[in-house]
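Structure first, then comments.
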Amino acid sequence: MFKLLVSQSGWSVIGSLFAFTVGFFVKIYLVNAIGTESFGQYVLGQTLVITVQVFIALAIPQVFLRFLPVYIEKNDLSEANSVTSTGVLYLLSSSILCMLVMMFFNDRIASLFGGGTILAQIFFWSSLYIPLTLYLTAINSIYRSLFKIKELILYVTVLQVIIRALLTFIVFYFSNDVIHFIYIEIIALLIVVTVMTFKSRYEQINIFGNVNINSFTHNNDLKRYLVHMYLYALVGFFSSHLITLIMGLHLPSSDIGIYAILTTISGLASFILVSLNSVFAPIISKLHANGEMEQLERLFKDATFLINIITSPFILILVIFGEDVLSLYGGSVSEYGNFLIILIIGSYVNLFVGNTGMMLLMGGGERTELKIRIFVNTIIAVCSMSIIPYFGLLSAVIINSTSLALANILQVVYIKKRFGFFPWDKNAFAMLLITLPLIGIFGFYEWKVFGSVTEYLSYSLSIVLAYILIFNKKLISLYTKFKLIRKV
């Protein structure tokens with residue numbers, strides 16, 4: 001399983017790194033072309049689309065990710081195809097209906113957020129995302145269940161990112177209309193959806209096979225998991241997007257745009273966690289179903305160390321050069337450096353604990369994870385509605401960071417209680433003792449010596465090498481383990 005985790009994660013990390021890197025510069029280019037206010041309106045449109053998607057998806061993509069590996073392991077392809085076809089049909093029909101409703105009522109929805117014609121147009125065209133992204137999410141889950149990460153990276157991530165980037169750099173050389181960016185994303189989605197639909201015809205899972213509602217209604221384990229995951233998706237959505245929605249009701253669009261920029265930068269290091277989660281999920285499901293808890297513990301701790309050894313140096317580099325990165329967005333964005341540090345601290349805690357949330361979800365602890373999310377979500381809702389209207393962007397940043405850290409701490413407590421182990425070994429914990437104080441020191445020290453590319457590279461390389469030297473024994477151990485597994 002360690003071999004599978006490393007090999008699949010390799011492709012996943014490469015794809016995520018490529019998407020984050022290209023997307024990062026595309027977003028910089030876009031914000032400089034359209035401004036933070038228009039970008040904030042675009043973010044608000046995206047948030048509304050995600051809201052609709054979460055409510056109608058019923059956590060069906062998560063069901064695919066949890067149950068398809070089990071069906072395939074048992075060679076029960078008939079049940080796997082039935083669940084897949086029924087779920088995909090529901091996602092497509094419900095999403096198309098919601099798309100039409102959103103198109104028809106776009107003016108009224110925009111008025112709720114104090115927007116005019118431009119925001120209404122953004123909502124109108126953004127509604128096309130709903131069926132396209134839900135269908136693509138379903139395909140994504142199916143391919144991950146088959147452990148075909150390479151195909152996803154090549155035909156979804158790379159293709160979509162390249163199309164979107166090229167069209168953005170060309171179109172916004174001549175335009176500053178945010179609607180054009182929505183057109184670009186829709187074109188990219190249509191191309192990727194077409195390619196993946198064609199490729200899926202040659203896989204062992206049939207997306208458009210025989211529909212049988214009994215595959216959902218007569219499976220008590222599946223129904224129970226679906227209900228838990230749907231509730232989790234709802235509370236998870238509100239914990240991620242409630243702040244943005246409340247900002248949309250009380251703060252100007254420019255603040256929403258700046259908040260989106262800050263959260264994007266602070267989350268840059270999270271690509272490794274997202275990549276490992278996507279690979280780790282079906283592996284957890286298999287190991288937990290087979291009762292292989294010792295192997296799961298070793299895999300969990302190794303994965304957490306890998307996450308930390310890759311992201312900790314990156315976090316420090318981001319802290320040191322944060323204001324320089326913000327300045328790339330133009331305007332007064334660079335003035336929000338301290339806001340960025342607050343978000344980075346929360347992001348680092350999230351990275352340090354590793355795959356705890358996914359461990360609970362795929363290891364039979366869905367109800368526990370749901371309780372954690374409801375508790376934290378309630379705190380977010382109360383604080384956001386009572387504080388953001390009066391204290392603005394700073395309060396939104398603080399609520400985001402502290403709630404993320406609180407959720408992670410509670411997850412660790414329940415992981416220890418349920419499975420009997422922590423997600424980290426002594427090496428990962430030592431990394432915390434090194435990294436967290438350095439974040440505080442570098443974050444609130446005014447660095448004035450940087451400016452040239454050589455200085456950026458030399459300081460960044462020094463940080464990375466320092467971590468490699470300090471934890472070289474653990475890295476050699478993991479490398480040796482991987483080599484031995486490859487020979488088997």
Side-chain angles (χ1 to χ4, degrees), residues 16 20 23-24 27-28 31 36 39-40 43-44 46-47 50 236-248 251 254-274 307-308 310-329 331-354 357 376-377 379-381 383-384 387-388 391-409 411 432 435-447:
S16 296
F20 269 104
F24 176 70
K27 189 170 289 186
I28 290 173
V31 171
T36 55
F39 182 67
V43 171
L44 193 57
Q46 291 294 296
T47 303
I50 295 171
F237 159 77
F238 283 112
S239 64
S240 301
H241 299 283
L242 181 60
I243 295 174
T244 302
L245 289 173
I246 292 177
M247 290 178 68
L251 302 181
S254 57
D255 279 2
I256 300 174
I258 292 172
Y259 178 76
I261 292 169
L262 293 172
T263 52
T264 297
I265 296 174
S266 65
L268 281 175
S270 298
F271 73 88
I272 180 65
L273 181 61
V274 174
I307 292 169
N308 280 273
I310 295 173
T311 59
S312 294
F314 188 84
I315 286 286
L316 285 181
I317 294 168
L318 195 58
V319 167
I320 295 172
F321 303 122
E323 289 191 10
D324 298 280
V325 175
L326 288 173
S327 66
L328 296 174
Y329 289 90
S332 60
V333 180
S334 60
E335 298 175 3
Y336 295 90
N338 289 335
F339 290 34
L340 179 61
I341 299 300
I342 295 171
L343 288 171
I344 287 175
I345 293 173
S347 179
Y348 175 68
V349 174
N350 185 47
L351 293 167
F352 171 69
V353 302
V376 174
N377 212 44
I379 295 176
I380 292 174
C383 292
S384 297
I387 298 176
I388 288 178
F391 296 95
L393 181 59
L394 177 60
S395 62
V397 166
I398 294 174
I399 292 170
N400 180 306
S401 186
T402 54
S403 61
L404 183 61
L406 176 61
N408 292 144
I409 292 170
Q411 287 168 345
L432 171 71
T435 306
L436 201 55
L438 290 177
I439 291 176
I441 294 171
F442 291 142
F444 297 99
Y445 182 82
E446 295 292 332
W447 295 92

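The figures here come from the full heavy-atom set of this structure, side chains too, leaving out hydrogens, waters and symmetry mates.
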Please name the pair of heavy atoms, one in [X] and one in [Y], separated by the smallest distance, quoted to 0.1 Å.
{"X": "Val43", "Y": "Ala260", "answer": "CG2-CB, 3.7 Å"}
{"X": "Met247", "Y": "Ala396", "answer": "SD-CB, 3.8 Å"}
{"X": "Leu251", "Y": "Leu393", "answer": "CD1-N, 4.0 Å"}
{"X": "Ile256", "Y": "Thr244", "answer": "CG2-CG2, 4.1 Å"}
{"X": "Leu326", "Y": "Ser334", "answer": "CB-CA, 3.7 Å"}
{"X": "Val319", "Y": "Ile439", "answer": "CG1-O, 3.9 Å"}

If you round to the nearest 0.5 Å, how far is [atom2] of [Y] from [atom1] of [X]?
{"X": "Thr47", "Y": "Ile243", "atom1": "OG1", "atom2": "CD1", "result": "11.5 Å"}
{"X": "Ile345", "Y": "Asn350", "atom1": "CD1", "atom2": "CG", "result": "14.0 Å"}
{"X": "Leu328", "Y": "Ile265", "atom1": "CG", "atom2": "CD1", "result": "8.0 Å"}
{"X": "Tyr348", "Y": "Phe314", "atom1": "OH", "atom2": "CZ", "result": "14.5 Å"}
{"X": "Gln411", "Y": "Leu406", "atom1": "CD", "atom2": "CG", "result": "10.0 Å"}
{"X": "Asp255", "Y": "Thr36", "atom1": "CG", "atom2": "OG1", "result": "8.5 Å"}

When you measure from the side chain of [X] to the backbone N and O of [Y], does any donor-acceptor pair fall under 3.5 Å?
{"X": "Ser384", "Y": "Ala381", "value": "no"}
{"X": "Ser403", "Y": "Asn400", "value": "yes"}
{"X": "Ser347", "Y": "Ser266", "value": "yes"}
{"X": "Ser401", "Y": "Ile398", "value": "no"}

- request: Using the test side-chain hydrogen bond (donor to acceptor under 3.5 Å, both in side chains), find all partners of Tyr329 that sit at least two apart in sequence or belong to another chain.
  value: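 Testing Tyr329 for side-chain hydrogen bond (donor to acceptor under 3.5 Å, both in side chains), a comparison that skips the adjacent residues, returns none.
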query: Who passes side-chain hydrogen bond (donor to acceptor under 3.5 Å, both in side chains) against Thr264, sequence neighbours left out?
result: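 Partners of Thr264 by the side-chain hydrogen bond (donor to acceptor under 3.5 Å, both in side chains) criterion, ordered by chain and then number, come out as Lys27.
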task: Can you spot which of Val333, Ile342, Leu343 makes a side-chain contact (heavy atoms from CB on, under 4.5 Å) with Leu262?
output: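 Single pass found, and it is Leu343.
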- prompt: Phe339 versus Ile258: any side-chain heavy-atom pair under 4.5 Å?
  reply: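 No; the side chains remain at least 4.5 Å from each other.
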message: Any non-hydrogen side-chain atom of Ile399 less than 4.5 Å from a side-chain atom of Ile388?
response: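 Ile399 vs Ile388: side chains touch.
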query: With sequence neighbours left out, what residues match Phe352 under ring pair (Phe, Tyr, Trp, His ring centres under 6.0 Å)?
result: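 Counting only residues at least two positions away or on another chain, Phe352 forms a ring pair (Phe, Tyr, Trp, His ring centres under 6.0 Å) with Trp424.
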